[in-house]
Structure formats: C-alpha cells, structure tokens
Amino acid sequence: MKETIGVLALQGGFREHGAHLRQCGIEPVYVKDPDDLAPCRGLIIPGGESSCLRRLMKGFALDSAIIDAVHSRQMRVWGTCAGAILCADEIIGETPCLSLIEASVERNLFGAQLASFTEDTAIPGVCDTPERFVFIRAPGIRRVWGKTRVLHVTRDIITAAENDDVLITSFHPELSSSLSFHRYFASKCGVSIQNSPDQTWAPTSWMTLG
Ligand code: GLN
C-alpha cells in the first residue's frame with residue numbers, strides 16, 4: 001500500500017486541497033470512511049463549517065478513527081480554518097472535538113463572512129517570500145501551551161501553530177497559488193514531493209482572487 005496524504009472529504013474545501021497535493025506530485029486519498037485512513041501518513045481536515053463537519057465525522061465514526069490513528073501510529077493532521085477548530089484542545093463556548101493540539105480557538109474571531117480578507121505574508125520556515133493567505137470567517141487561536149509552537153500571528157491573533165504531529169491554520173492556503181503549506185505538511189508527514197512550481201490559481205469552484 002503506497003503511503004500518501006488524505007483529505008477529509010465530508011464537507012468543505014476538500015477538492016482544493018486535493019488539487020494542491022496533486023500539484024506537489026501527491027495523489028491524495030479522499031477520506032469518507034475510517035478504512036480510507038489506512039494508507040494515510042497525514043490527513044488534511046479542510047475548511048467548511050465546523051459544526052457540520054463535527055456531526056458528519058461522528059456519524060461516520062471518523063472522529064474516533066482519526067484520534068486513534070494519531071495516537072497509535074502518529075498520523076499527522078493539518079486542520080485549516082474549520083479543521084483547525086476541530087483539532088483544538090479547547091473551543092471557546094463549545095466542547096472540543098478531536099483534542100489533538102494544545103491550543104484554544106475561538107470561532108469567527110475575525111468577524112462575519114463580509115469581514116473576510118487576504119494577507120500577503122512570509123512565514124519563516126514555511127515560505128520565505130510573501131504569499132497570499134485567505135481568511136474566511138476565520139477562527140483565531142487565543143492561546144497555545146505545552147508543546148505547541150506559534151508559527152504566525154495576524155492582527156495580534158495567532159493564526160498558525162503546530163506541535164510535532166498537528167498543524168493548524170486559521171487561513172486557507174489551498175485557496176491561493178501557494179504550495180508552501182502543502183509542501184511543509186508533506187515534509188511533516190515524511191511523504192516525498194515533486195518540486196513543481198507554484199501555479200497561478202485558476203479557481204474552478206466558488207472564489208476568484210485578484
Ligand atoms: N466559521 C466557520 C466555523 O466556525 C469556519 C469557516 C471556514 O472554515 N472558512 O466553522
């Protein structure tokens with residue numbers, strides 16, 4: 001069985017993550033069922049709606065399967081936006097879901113849908129030159145503790161953090177032309193990548209970036 005990276009494909013932006021992985025030379029597995037996790041060295045939990053994803057994960061018994069894979073064989077996890085909410089040990093005002101990283105997140109901390117924004121920024125260790133990151137009704141990371149390291153801060157709010165197994169980002173690298181975070185996550189998973197150039201993002205779904 002060839003090891004690869006999975007993308008949780010129950011709801012939200014899973015196709016865009018899959019397209020970015022393919023650009024890195026990785027054929028993703030779209031995870032809809034616990035058995036789909038078997039070849040996955042890592043799993044991306046996409047943005048979408050965390051309350052909906054939470055319900056669907058539970059319905060398909062994927063929440064316990066993901067937790068088990070992280071603890072039993074160190075499957076790596078990257079949560080983007082709603083995915084980050086689901087990974088956190090603490091969700092302000094709600095019960096935690098997967099509890100995979102020592103971080104406290106607050107939903108919609110950057111405001112409502114109309115307050116969505118982009119930020120051009122470099123993140124040392126991930127991308128050395130500025131790239132565009134997209135925040136859509138984004139959560140913020142209020143604090144981290146224990147083994148969690150802060151990777152990035154936007155408007156005085158932590159927006160990217162990680163421990164050895166888990167990466168969380170408030171924003172959506174899959175909605176820009178940047179492959180940096182997908183390459184970074186692949187190296188965290190120990191999955192080899194092709195050094196394909198970043199491409200101009202040609203959205204086929206719902207969003208156009210200027
Ligand atoms: N606001 C959404 C939530 O709380 C997340 C939005 C997103 O993933 N872009 O689930």
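Values below: all heavy atoms of this structure, side chains included; hydrogens, waters and symmetry mates excluded. Order of listing sets the numbers, starting from 1, for every ligand and every atom in it.
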Item to check | Mutual orientation of the aromatic rings belonging to W78 and F185 [parallel < 30°, tilted 30-60°, perpendicular > 60°] | outcome: tilted
Checklist entry - So does R142 pair up with E90, basic N to acidic O under 4.0 Å? => result no
Checklist outcome for this item: Residue shell for ligand 1, any heavy atom closer than 4.0 Å, reads G47, G48, E49, S50, C81, A82, I85, R107, N108, I136, R137, H172
Checklist entry - Are E131 and S180 linked by a side-chain donor-acceptor pair shorter than 3.5 Å? => result yes
Item to check | salt_bridge(E162, K188) N-O dist < 4.0 Å | outcome: yes
Checklist entry - With under 30° as parallel and over 60° as perpendicular, where do the rings of H20 and H182 fit, or are they tilted in between? => result tilted
Item to check | Mutual orientation of the aromatic rings belonging to F135 and F171 [parallel < 30°, tilted 30-60°, perpendicular > 60°] | outcome: tilted
